[in-house]
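Reading through the C-alpha cells given below for one structure.
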Amino acid sequence: MAKLIDGKGIAAEVRADIKKRAAEFAAETGVTPGLAVIIVGDNPASQVYVRNKKKACEDVGFYSEVIEMSGDTTMPELLGKIEELKNDSRVHGILVQLPLPKGLDEDAVIAAIPPEKDVDAFHVVNTGRIMLGDFDFLPCTPAGVMKLLEHEGVDVSGKECVVVGRSNIVGKPQAMLLLHANGTVTICHSRTKDLAEVTRRADILVVAIGKADFITGDMIKPGAVVIDVGMNRREDGKLTGDVDFATAEPVASLITPVPGGVGPMTITMLLENTLTAAKRSVK
C-alpha cells in the first residue's frame with residue numbers, strides 16, 4: 001500500500017517559510033512582495049482560483065490586487081491594464097487568469113507581461129531559460145511537483161521518469177525539470193503507441209492529461225512514485241485525478257491524492273515566484 005504524499009501539509013510548511021522570508025525581506029528593504037491578478041469574464045472555476053490566490057497572498061503578508069474585467073473586454077483594454085501594472089512599483093508579479101474569453105489572444109497577453117514580472121513563467125523568455133536550466137521562475141505546478149519529490153526524499157537522478165501529457169503549462173516544463181535533475185525522461189501523449197508499456201517502465205510517473213481515472217494500477221510499475229496532476233469532476237460531483245487511485249494505491253510506493261496532493265503546491269510556488277520577483281526588483 002502506497003504512502004500518501006500530503007501536499008496540503010507540505011504546502012503549509014513551505015508557506016510558513018515564505019511568510020518568514022518575506023517578513024525578513026520587508027524589514028530589510030521596506031518592500032512588500034506584491035501580486036496582481038487579472039480575471040476577465042465570469043468563469044466560476046477561475047473565480048475560485050483567483051480567490052484562493054488572493055487569500056494565499058494575504059496569509060503570507062504579500063500585497064495583493066485582483067482586477068476584475070468584464071467578459072466583453074477588448075484586447076487594447078486588457079493590454080492597457082497590463083501596461084499599468086508593468087509600471088506599478090507595488091506589483092512584482094502579474095498573472096492573467098486563463099482561460100480567457102473567446103476573441104482574446106492568450107499568446108499576445110502572455111507576451112505583454114514583462115518576463116521579470118511573469119510569475120507564471122509562461123513568457124517565451126522564461127520558457128527558453130527553463131530549457132537552458134538558467135531560470136528565475138519555474139511554472140508553478142511542475143515546480144510544486146519537484147518540491148514534493150524533494151520533500152519525500154525521492155532522488156530523481158538516474159531514474160526512469162515518464163510524463164503523460166505534453167502541455168506547455170505542465171507536461172513539457174515538467175519533463176525539463178526532471179531532466180535537469182538527471183532523470184531519464186520519456187514524454188507520452190495521445191499518439192504514443194502502447195502507453196501502458198511505457199508507463200510500466202517508470203520509477204517516477206507524472207500524469208497531467210485532464211482525463212478522469214485514466215491511468216490504472218495495471219499500467220504502473222510496482223513500487224513506482226505516482227504524481228497525479230489531474231483535477232476532474234466525476235458525474236457524482238466528486239473530484240478525482242487522472243490516476244485511478246483505488247487501483248494505483250496498492251501498486252505504488254508513494255502517491256499523491258486528489259484533492260490534497262499537487263493542487264496546494266501550485267499556489268505555494270506562485271508565492272515563491274512572487275517573492276523571487278520582489279527580491280530581483282530590489283537588485
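We number each residue from 1, following the sequence as shown.
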- Message: Keeping Thr192 on the side-chain end and Leu195 on the backbone end, is there a donor-acceptor pair under 3.5 Å?
- Response: no
- Message: For the residue pair Asp213 / Thr240, report whether a side-chain donor-acceptor contact shorter than 3.5 Å exists.
- Response: yes
- Side chain to side chain, Phe62 and Leu271, heavy atoms closer than 4.5 Å: yes
- Is there a side-chain contact between Lys81 and Met69, using heavy atoms and a 4.5 Å cut-off? yes
- Is it true that Lys3 and Glu152 make a salt bridge, defined as a side-chain N closer than 4.0 Å to a carboxylate O? yes
- Could you tell me whether the side chain of Asp118 and the main chain of His123 form a donor-acceptor pair under 3.5 Å? yes
- Query: Charged N to carboxylate O under 4.0 angstrom, Asp155 versus Lys159?
  - Reply: no
- Message: Looking at Arg234, I want to see if its CZ is surrounded by more than 12 non-hydrogen atoms of other residues, nucleotides or ligands under 6.0 Å.
- Response: yes
- Item | N/O donor-acceptor pair under 3.5 Å between Glu77 side chain and Thr74 backbone | yes
- Closest non-hydrogen atoms of Gly171 and Val163, given as atom of the first, atom of the second and distance, are O-CG1, 3.7 Å
- Roughly how far, to the nearest 0.5 Å, is CD of Gln174 from OG of Ser167? 9.5 Å
- Message: Tell me if the CE atom of Met75 is crowded by more than 12 foreign heavy atoms within 6.0 Å.
- Response: yes
- Should we say atom CG of Asp42 is surrounded by more than 12 heavy atoms from elsewhere, each under 6.0 Å from it? no
- Query: Hey, is Asp6 close enough to Lys8 for a salt bridge, meaning N to O under 4.0 Å?
  - Reply: no
- Message: Side chains of Glu84 and Asp88, heavy atoms from C-beta outward: is any pair under 4.5 Å?
- Response: no
- Query: Are Asp218 and Arg200 close enough for a salt bridge, meaning some N to O gap below 4.0 Å?
  - Reply: no
- Message: Could you tell me if the side chain of Ile227 sits less than 4.5 Å from the side chain of Ile5, heavy atoms only?
- Response: yes
- Task: Output the distance between atom CZ (Phe245) and atom OG1 (Thr256), rounded to the nearest 0.5 Å.
- Result: 8.5 Å
- More than 12 heavy atoms of other residues, nucleotides or ligands under 6.0 Å from NZ of Lys19: is that the case? no
- Message: I'd like to know if the side chain of Ser46 and the backbone of Gln97 have a donor-acceptor N/O pair within less than 3.5 Å.
- Response: no
- Task: Test Ile39 against Val66 for side-chain contact (heavy atoms from CB on, under 4.5 Å), laying out the working first.
- Result: CA-CA 7 Å; Ile39 179 168; Val66 174; 4.2 Å; yes
- Query: Within the side chain of His92, is there an N or O that forms a donor-acceptor pair under 3.5 Å with the backbone of Gly34?
  - Reply: yes
- Query: Which pair of heavy atoms, one from Ile187 and one from Gly165, lies closest together, and at what distance?
  - Reply: CG2-O, 3.7 Å
- Which atom pair, heavy atoms only, marks the closest approach of Ala22 to Val60? CB-O, 4.3 Å
- In terms of side-chain geometry, is the basic nitrogen of Glu24 or Arg21 positioned less than 4.0 Å from the acidic oxygen of its partner? no
- Under a single-linkage definition using a 4.5 Å side-chain heavy-atom cutoff for Ile, Leu, Val, Met, Phe, Trp and Tyr, are Leu98 and Leu270 assigned to the same hydrophobic cluster? no
- Looking only at non-hydrogen atoms, find the nearest pair between Val226 and Ala252 and report the distance. CG2-CB, 3.8 Å
- Query: With a 4.5 Å heavy-atom cut-off, do Ile110 and Val96 have their side chains touching?
  - Reply: no
- Under 4.5 Å between side-chain heavy atoms, hopping through other hydrophobics if needed: is there a path connecting Val37 to Leu85? no
- Check: Asn273/Thr276 side-chain N/O donor and acceptor closer than 3.5 Å: no
- Query: Would Ser64 and Leu35 satisfy side-chain contact (heavy atoms from CB on, under 4.5 Å), going step by step from the backbone distance to the final call?
  - Reply: CA-CA 5 Å; Ser64 161; Leu35 176 69; 5.6 Å; no
- Message: To check you understand the geometry: which heavy-atom pair defines the closest contact between Val251 and Gly217, and what is its length?
- Response: CG2-O, 3.8 Å
- Item | Nearest-0.5 Å distance that lies between atom NZ in Lys54 and atom CD1 in Ile267 | 13.5 Å
- Run the salt-bridge test on Lys55 and Glu58 with the 4.0 Å N-O cut-off and return the result as yes or no. no
- Item | Full working for side-chain contact (heavy atoms from CB on, under 4.5 Å) between Val225 and Ser253 | CA-CA 6 Å; Val225 176; Ser253 61; 4.0 Å; yes
- Task: Kindly indicate whether the side chain of Ile94, heavy atoms from C-beta on, has any atom under 4.5 Å from the side chain of Val119.
- Result: no
- Task: Enter the distance from Leu4:CG to Ile255:CD1 here, rounded to the nearest 0.5 Å.
- Result: 7.5 Å
- Does a donor on one side chain sit under 3.5 Å from an acceptor on the other, for Thr266 and Thr141? yes
- Going from CG on Leu148 to OG1 on Thr268, what distance comes out if it is rounded to the nearest 0.5 angstrom? 9.0 Å
- Task: Run the numbers on Val40 and Leu78 for side-chain contact (heavy atoms from CB on, under 4.5 Å), then give the verdict.
- Result: CA-CA 9 Å; Val40 186; Leu78 180 51; 4.1 Å; yes
- Query: Does a donor on one side chain sit under 3.5 Å from an acceptor on the other, for Glu65 and Tyr63?
  - Reply: yes
- Message: For a quick check under 3.5 Å, do Asn232 and Asp242 share a side-chain donor-acceptor pair by atom type?
- Response: yes
- Query: Can any side-chain N or O of Lys117 pair as donor or acceptor with the backbone N or O of Lys86 at less than 3.5 Å?
  - Reply: yes
- Query: With a 4.0 Å cut-off, would you call Asp59 and Arg15 a salt bridge?
  - Reply: no
- Note: Asp134-Arg129 ion pair, threshold 4.0 Å (strictly below): yes
- Task: Could you pull out the closest heavy-atom pair between Val243 and Val207, with the gap in Å?
- Result: CG2-CG2, 3.8 Å
- Item | Test item: Asp120 side-chain N/O and Leu95 main-chain N/O as donor-acceptor pair under 3.5 Å | no
- Message: When you group the ILVMFWY residues by side-chain heavy-atom contacts below 4.5 Å and let the links chain together, are Phe137 and Val109 in the same group?
- Response: no
- Glu13 backbone acceptor or donor facing Asp17 side chain under 3.5 Å: no
- Message: With rounding to the nearest 0.5 angstrom, report the CE to CZ distance, Met176 to Phe135.
- Response: 9.5 Å
- Would a 4.5 Å heavy-atom cut-off, applied to side chains only, mark Leu205 and Ile220 as touching? yes
- Can you find a pair of side-chain heavy atoms, one from Asn126 and one from Asp136, that are under 4.5 Å apart? no
